[in-house]
Amino acid sequence: MTDNTLLDAISATQEEGRPIPDAATGETMGYAPVHTTADLDAAVEAARAAQPAWAGLGHEERARLLRLAADEIEANAEDLARIIAREQGKPLNGAGARFEAGGCAVWVRSAADTAIEPEVLFEAEGTRSELHYVPLGVVAAIGPWNWPALIGIWQIAPSLRMGNAVVVKPSSYTPLSVLAVVELMNRHLPEGVLTVVSGNREVGARIASHPGIDKVMFTGSTETGREIVRSSADNLARLTLELGGNDPGIVLPGADARAIAEGLFWGIFINTGQTCAALKRLYVHDSVHDEVVAALAELAESIPMGPGTDEGSLLGPLTTPQQFEIVARLVDDARARGARIVTGGEPAEELGAQFYRATIVTDIEDGAALVDEEQFGPVIPVIRYSDLDDAIARANASEQGLGASVWGDPGEARRVAERIEAGTVWINQHGTLNPMVPFGGVKASGYGLEFGAHGLKAVAAPKVITV
């Protein structure tokens, strides 16, 4: 037993489960069930059996039950946050584990409260055509390890709201956070409507081709997204794919370095840089380059880093040893190329095996791995530019197009934003999300929209009724 009643409720026994480590200490914090493809088949069968009655409840009753689920998450938010902080590593405070736990309740309520009315497409004497949105059936939700509970909710809540049943496959690195949020929701949902299958790669690979699944929602790497597209060819499951991002930021001439520094910093380092839509490469005009670099370095050196459960921490560990190795490799490569490590550039070994100091790198150009690849960690390459057209071209050169941002005069920034190839472009901010504002990528960052009315329609089938 632990001092976390929610963790006790969802953790398997040592004999039956797989140990899940605390990201900061490496100590076992709980045990995840080990499910198989047979368990997946059973979950899909149960979902198909439960879905018609769930759809038959209608929008108002489903929304009522989802609001109760949101209340349940809110009532247990502290226990949920502490599971997230230990398993994933993000600190409790700031835009951290408490933010994620609270966000789960907010996004469930948003899905419940968003109205979807039939759209009148055509009306003339004697004829009326309406567009309705009806359930698809069973939605598979495959989530990542970086925001496990919140991104899980982004997939689960709209799917349930529109009358689908949902089978959830969490990341094998962070299953406890997802098991916990599903446990809370299932205290108010009919049996079989929402199920977690905590399995390995074999289970994940089976999902996209499963004949009983009507839609797959996936957040993760571009490489895995392509595999899902190929696997879904035979059953023609609908897809929403939110894949990797190598988000650029452009700081315009005349920008106030001190005024934008904090927004830039947290756009880069939220969740210790482990966010798909975090700022990953920063193009700064000659005239303000040195000031921006100095301001970012000052923040990087002053923001406290430590275990997620430490109330004073605002930056945490890398979630997995593999991600730590990627970050270290990219920084070492930049150093070998002659880039200047302004601050950081090394592990924080005194804190634990998976901590890496917040790192600012400059005197680096496109073509370096740190610029061209998604680092997904606490490192930012700052690239100097003198010609704005060139900076825009370099920002657009990536195969990915999830998010981007422009910093400086709002009018000029708006004109630049219109030229950037990304699903979302923020001005004088980066990575801020709103449950009512659609979110999705272009190019190799995937396709399909989440959030708001657009997100609800994405987990439903359009149906035209003509009278």
The single option from Leu160, Val166, Val182 passing side-chain contact (heavy atoms from CB on, under 4.5 Å) against Leu189: Leu160
Side chain to side chain donor-acceptor pair (under 3.5 Å): pairs with one or both residues in residues 429-458, sequence neighbours excluded: Glu119-Lys457, Asp247-His430, Ser405-His430, Glu421-Lys443, Trp426-Thr432, Gln429-Thr432
Donor-acceptor under 3.5 Å (Tyr356 side chain, Gly345 main chain): yes
CD/Glu418: more than 12 non-hydrogen atoms of other groups inside 6.0 Å: yes
All side chain to side chain donor-acceptor pair (under 3.5 Å) counterparts of Lys90, not counting sequence neighbours: Gln88, Glu100
Residue pairs passing the salt bridge (charged side-chain N to carboxylate O under 4.0 Å, His left out) test where at least one lies in residues 268-278, sequence neighbours excluded: none
SB check Asp389 Arg419 (cutoff 4.0 Å): yes
Donor-acceptor contact below 3.5 Å, side chain Asn93 vs main chain Gly312: no
All ring-ring contact (aromatic ring centres under 6.0 Å, His included) counterparts of Tyr31, not counting sequence neighbours: none
Listed partners of Arg230 passing side chain to side chain donor-acceptor pair (under 3.5 Å), at least two apart: none
Glu311 atom CD: more than 12 heavy-atom contacts under 6.0 Å: yes
Heavy atoms from other residues, nucleotides or ligands near CZ of Arg187 exceed 12 (cutoff 6.0 Å): yes
Side chain to side chain contact (heavy atoms under 4.5 Å, CB included) partners of Asp290, counting only residues at least two apart: Arg384
Stepwise side-chain contact (heavy atoms from CB on, under 4.5 Å) test for Met185 and Glu72: CA-CA 7 Å; Met185 295 189 74; Glu72 190 74 42; over 6 Å; no
Any residue meeting salt bridge (Lys or Arg N to Asp or Glu O under 4.0 Å) with Glu262, in chain and number order, not counting sequence neighbours: none
Residues that Glu412 engages under salt bridge (Lys or Arg N to Asp or Glu O under 4.0 Å), provided they are two or more places apart: Arg415
For the student: nearest non-hydrogen atoms of Thr272 and Gly316, plus distance: OG1-N, 2.9 Å
Residue pairs involving residues 278-313 (criterion ring pair (Phe, Tyr, Trp, His ring centres under 6.0 Å); sequence neighbours excluded): His285-Tyr385
Salt bridge (Lys or Arg N to Asp or Glu O under 4.0 Å) involving Glu78 - partner list, sequence neighbours excluded: Arg82, Arg98
Gln322 atom CD, over 12 foreign heavy atoms within 6.0 Å: yes
Any residue meeting salt bridge (Lys or Arg N to Asp or Glu O under 4.0 Å) with Asp39, in chain and number order, not counting sequence neighbours: none
All pairs passing side chain to side chain donor-acceptor pair (under 3.5 Å) where residues 141-156 contributes a residue, at least two apart: Trp147-Thr275
